[in-house]
Amino acid sequence: MIPYTEYNPSQETIDNYTLSKKRTRNGWVKYYNIPCAFDTETTSFKVNGKKCSYCYIWQMCIDGVSVFGRTLDEFRSFCQTLARIFQLDNDVRLVVYAHNLEFDFQAERKYFKWVDYFAREQRKPLYMCNEFGMEFRCSYMLSGLSLAKVGENLLHSSARKLEGEMDYSLIRHSATPLTEREMQYCENDVVVLCDFIREEIERNDGKVSKIPLTKTGYVRRQCRQALKKDKEYWKQYKRKLNKCQPGEDLFKLLHKAYQGGYTHANSMYVDVVLDDVKSIDFASSYPTQMCCKKFPWKFHQVDVEDIDTFDHYIENSACLFEVAFTNLRAKRTTTILSSSKCEILEKAIIDNGRIYSCDYCLTYVTELDWKNICDFYDFDEFELGDFWVSKYEPLPQPLIETILNCYTAKTELKGIEGKEQEYQVAKGVINGCYGMCVTNPVCDTIGYENDDWTSTAPDLAACLDDLVTNDSTFLLYQWGVWVSAWARYELLSFVNRIETEVGNKVVYCDTDSIKYVHAPEIDDLITRYNDNQINIFKEVAQQYDYTIPRTHKGETAYLGVFDKDGDYIKFKTLGAKRYVYTTLNKQGKEVFKITIAGLNKEKGGNYIAAQSNPFEFFTDGMEIPAENTGKQTRTYVDEEMTVELTDYCGTTVTVNVPSGTHLEPCGFEMSLASGYKDLFTSIQETTNTGKVVDGKVHEGLMLGIKSQIDNLRSEIFNAYKKK
């Protein structure tokens, strides 16, 4: 790595670089097809209690040449040099990737004027172009991987991120000497990233301009190209699509009804150590729904005057409606209705974010959610509000064929030497198909003016109108709502089968996986489910003339079947995204593992495993010291400061810090809401006849009550119109 002042490429080298063009919102821009990467290293400290952050070295890799400087003033000078060498301006740019642009931009932002930018959230830019024609982009958004994982996935480079070579607890500044190993650590970060961008340029026909801003951009491109392959088909498809785009009222209802994956723990088993727990998950759950299920296209609003009409719509159409329940209560200990999705909620008992019981609630559902609610809840009556219906149709054939082809590539290329990039591309499409469907087309406009972020509320009508007028639009927002709804329906329907046919065995669910106390009868249910799904997938394959792929071991890979995901010797959960377990590793040794939101799996897991009884330690009130969590608190520093900074060597210098990001290790405490703890304790102590517990009658905890709704629903059915 050389000082930035020594960077001086020959004119012949400059002339050999090619440029590519791209139309932007401000006109055509030319880009040098050169892999470039940028990174900063900062130190965090406090002055009179105020948090501060200072950049003590920056490094940049330009087509394999690594340069560095010790202050951001030097980096500004270097940018001026690059602008002169490459003749850069707002119309001729050099793209520079930073793997966490949010962090690096916060350090450098006040050293430049920013003439072009794009961000979906404040402080999280996708790209920022400065006055010298250097367009900084976020490579994390492009890759979706940590820098270490990016290095591991490189096809033509042996460069790797170094781990543990830089002690960030030591205070450093621009005069602090760095060891050879520390300098190597800094250099490797940009070399790995530069090599990654080189492969991305090759993947995009040698053109930087064709690299999308995000990983999902690749998915969108591939699907859009498939739909546009036949010009006549595309013309007819767009005509139909435009007629199906939602208006304002429908979009608002769709947005309210949208839910992500179902993640929840059965209160019967919370804070209980269980033996012999099994885990299964759906093979590519979201792509399965997209290929095997049908979806709503054109919605229209209807009046539902009687129960027969309601039943007809529920059984034969895609339905979207608002519904109010009176005296809603869980049939068993599994709860599914999210309290956060209720616009009105009265006298509710909440089970870790899910409703166990309530006097009254108003929410927004699809007909699939309705069916799930009927499986898991009893209620005295329900009232309906706005009600929309649509015919069910398959997704467009080119889109389904694209997903199927990528599933084949993902299946057949996995583990094949020399086909790593093709495998990653196929895997990215499979994983990104759902993401592109649920991207919200109505979002705030993020600005950056006078060194400050701004946010402007969207014009709903204009955003929805753009879906029709924009030629690049090729999806309907309602598809994403139903992909998620179908996935929840499949998962929860199987949970219901286990609970009604076998017993209260389901312990925990997360989007596409189910963890349950092992019982042979459940194995039979899984076999029957898989047999049925195989037949469904065979029909899809026949319909689209698709050859079902095989793994490199020769096994037929059916989409959407249950796969065994884990055998746990011991298992314990404290709620959503909070569980620990032991399992056997490849060497047959029992190992302790964790999944705890906000806690590093390795660092935090090692600390818990080192306790005398890890399963007892993992409970309400668990505390982990800051140095053992792998977790950091991030604070944005926007106030400019000039301070005397003394490094760990004892050298003091005056530093000016316009802005930065302060990082410090933070501890972790496991706490359960008192109401939640009372709930699962009462559930575990209450018998199926609903006896008094601890001298108190717990309303909503009466288990096993037989619903009378089927006999009453015609009598109590009323059309509800929201005021």
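Only this structure's heavy atoms are used, side chains among them; waters, hydrogens and symmetry mates stay out.
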| message | What verdict does the salt bridge (Lys or Arg N to Asp or Glu O under 4.0 Å) test give for R172 and E182, after you've listed the backbone C-alpha separation in whole Å, the side-chain angles of each residue and the deciding distance to 0.1 Å? | response | CA-CA 12 Å; R172 299 180 176 88; E182 288 171 338; 3.0 Å; yes

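- Between W114 and F112, the ring-plane angle classifies as perpendicular under the 30° and 60° cut-offs.
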| task | Begin with the C-alpha distance, continue with both residues' side-chain angles, and end with the deciding distance and a verdict on side chain to side chain contact (heavy atoms under 4.5 Å, CB included) for R93 and M134. | result | CA-CA 6 Å; R93 300 181 184 179; M134 296 182 64; over 6 Å; no

| task | Apply side chain to side chain contact (heavy atoms under 4.5 Å, CB included) to C36 and Y97, showing your working. | result | CA-CA 6 Å; C36 296; Y97 281 89; over 6 Å; no

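- Looking only at atom types and distance, the side chain of Q59 has no donor-acceptor partner in the side chain of D189 under 3.5 Å away.
- Qualifying side-chain contact (heavy atoms from CB on, under 4.5 Å) partners for T18, counting only residues two or more places apart in sequence or in other chains: N33.
- Looking only at atom types and distance, the side chain of Y218 has a donor-acceptor partner in the side chain of N204 under 3.5 Å away.
- Between the side chains of N656 and T642, at least one donor N or O lies within less than 3.5 Å of an accepting N or O.
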| When you look at H99 and L147, which way does the side chain to side chain contact (heavy atoms under 4.5 Å, CB included) test go after all the steps? | CA-CA 7 Å; H99 202 62; L147 190 57; 3.8 Å; yes

| message | Between F38 and F136, is the ring-ring contact (aromatic ring centres under 6.0 Å, His included) condition met? List the steps. | response | CA-CA 8 Å; F38 172 72; F136 294 87; 5.7 Å; yes

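- With hydrogens and angles left out, the side-chain atoms of T633 and E664 include no donor and acceptor closer than 3.5 Å.
- More than 12 heavy atoms of other residues, nucleotides or ligands lie within 6.0 Å of CD in E590, so this atom counts as buried by the packing criterion.
- Heavy-atom contacts from other residues, nucleotides or ligands closer than 6.0 Å to NZ of K215 number more than 12.
- In terms of heavy atoms, V657 sits closest to S53 at CG1-O, 2.8 Å.
- When each of K110, R109, K50 is tested with D638 by the rule salt bridge (charged side-chain N to carboxylate O under 4.0 Å, His left out), just one qualifies, namely R109.
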